[in-house]
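Inspection log for the structure reproduced underneath, given as structure tokens.
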Amino acid sequence: MSAVPPQNLIDEWTSVQASLKQQLVEGDTEEWQRAPDFKGLERVGGVDLSFIKGDDINACAQLVVLSFPELELLYEDCRMVTLSAPYVAGYLAFRETPCLLEALQRLERTQPALMPQVLFVDGNGVFHYREFGVACHLGVLSGLPCVGVAKNLLQVQGVVRSEEHLTQISELKKGGDSFPLKTASGRVLGRLSALPSALPRPRPPAPGPAQFGRQHQARVYVSVGHRISLDTAVRLTQRCCRYRVPEPIRQADIRSREYLRTHCPSAHTCG
DNA sequence: GCGACAG
DNA sequence: ATCTTGTCGC
């Protein structure tokens, strides 16, 4: 199905990452980022892609903008896209970034006043093999402050699922607890953060099938995408989480999935 | 050879 | 990413 890219393309991607990385800004650049309750922050965005079972090139690309701090829907854009690059760990941006940039451009063209002041991205930022994940990539190319939020651990630069890592996880007690993800050389690339318990959740606490796979705990890997500090990124993530993942990403996920359910010819034709 | 492999 | 969908506790 998905062809493995030739090494020369991987090499090119690697050098593009190194080149764009020079424009990466890792600290806070906005007033609201330093303000006690994020005063001045009014719009938070989220992006995601959803797929159909046997098809990994056609996808639904979704952008949502929510109000802050209410987290109510202000804008939504959904579009079927054809992806040109396969998924390769470490190069996710080359697969997902083009259609997400287009979604941002549509927003800029039609409703510029609704442009989000920060964008949550499904995937890592600097918590990456070459410290330039999809959240950095999209951040630099769009110019928007971005936060990378991953649900699964990417083992990079000596950050591994070791005994120590598992111990640190078990030591996350309260909602909002977190610990740094440190490189072998001591550099902090991100934080593993537990779901805060302060934000009101609509109905039941956390439903979930008990018999499929292991029950993921309510934690996410947060890292800097662009134009935000790690501390601010973690604080903001916690303020935007009703469930495990920040509401903008969750809404983008739900809505793109829903779109596929209703707009796609039933994907399971027998025969 | 073995394991890892964001989405 | 995609697929499983039951069942425990408030």
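Within every chain, numbering begins at 1; the chains are lettered A, B, ... in the order of the sequence lines, protein sequences first and strands thereafter. On a predicted model such as this, the values are computed, not experimentally measured, just so you know.
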### Task
For residues 179-188 of chain A, pull every pair meeting side chain to side chain donor-acceptor pair (under 3.5 Å), keeping only residues two or more places apart or in separate chains.
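Checked against side chain to side chain donor-acceptor pair (under 3.5 Å) - neighbours excluded - the pairs reaching residues 179-188 of chain A are A:E26-A:R187, A:E131-A:R187, A:Q157-A:T183.
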#### Entry: Pair listing, side chain to side chain donor-acceptor pair (under 3.5 Å) test, anchored in residues 92-114 of chain A, at least two apart
A:D77-A:R106
### Message
Between A:F127 and A:V222, is the side-chain contact (heavy atoms from CB on, under 4.5 Å) condition met? List the steps.
### Response
CA-CA 8 Å; A:F127 185 41; A:V222 179; over 6 Å; no
I want to verify a distance call: between [options], whose nearest atom is closest to the [X] side chain?
X      : options             : result
A:F51  : C:dA1, B:dC5, B:dA6 : C:dA1
A:V134 : B:dA4, B:dA6, B:dG7 : B:dA6
A:A89  : C:dC3, B:dG7, B:dC5 : B:dC5

### Task
Output the distance between atom CD (A:Q22) and atom CD (A:Q17), rounded to the nearest 0.5 Å.
13.0 Å
Answer yes or no: does a side-chain N or O of [X] lie under 4.0 Å from OP1 or OP2 of [N]?
X      : N     : result
A:R161 : B:dC5 : yes
A:N152 : B:dC5 : no
A:K151 : C:dA1 : yes

Quickly work out the [X] [atom1] to [N] [atom2] distance and round it to whole Å.
X      : N     : atom1 : atom2 : value
A:H128 : B:dA4 : NE2   : P     : 19 Å
A:L260 : B:dG7 : CG    : P     : 18 Å
A:Q157 : B:dA6 : CD    : P     : 16 Å
A:L153 : B:dG3 : CG    : C1'   : 14 Å
A:Q155 : B:dC2 : CD    : P     : 18 Å

### Query
Can the ring centres of A:F179 and A:H165 be said to be less than 6.0 Å apart?
yes
#### Entry: Stems where DNA chain B pairs, listed by first number, each of three or more Watson-Crick or G-U pairs under 3.5 Å
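Runs of three or more consecutive pairs: none qualify.
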Describe the nucleic acid contact of [X] in one word from base, sugar-phosphate, nothing, applying a heavy-atom distance below 4.0 Å.
X      : answer
A:V156 : nothing
A:Y91  : base
A:D122 : sugar-phosphate
A:G90  : base

### Query
Do A:Y259 and A:S50 meet the criterion of a side-chain donor-acceptor pair at a distance under 3.5 Å?
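The criterion, which ignores hydrogens and geometry beyond distance, is not satisfied for A:S50 and A:Y259.
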### Query
Under a 4.0 Å N-O cut-off, is there an ion pair linking A:D231 with A:R235?
no
### Query
Any ion pair linking A:R250 and A:E247 (charged N to carboxylate O, less than 4.0 Å)?
yes
### Query
Ring of A:Y221 versus six-membered ring of B:dA6: centres under 5.5 Å and planes under 30°?
no
### Intra- and inter-strand pairs of DNA chain C in dot-bracket (Watson-Crick or G-U wobble, both distances under 3.5 Å; | for another strand)
..........
### Task
Only counting residues at least two apart or in another chain, list the ones meeting salt bridge (Lys or Arg N to Asp or Glu O under 4.0 Å) with A:D122.
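For A:D122 the salt bridge (Lys or Arg N to Asp or Glu O under 4.0 Å) partners, ignoring immediate neighbours, are A:K151.
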### Query
For A:C99, what residues pass the side chain to side chain contact (heavy atoms under 4.5 Å, CB included) criterion, not counting sequence neighbours?
A:L49, A:A61, A:V81, A:L83
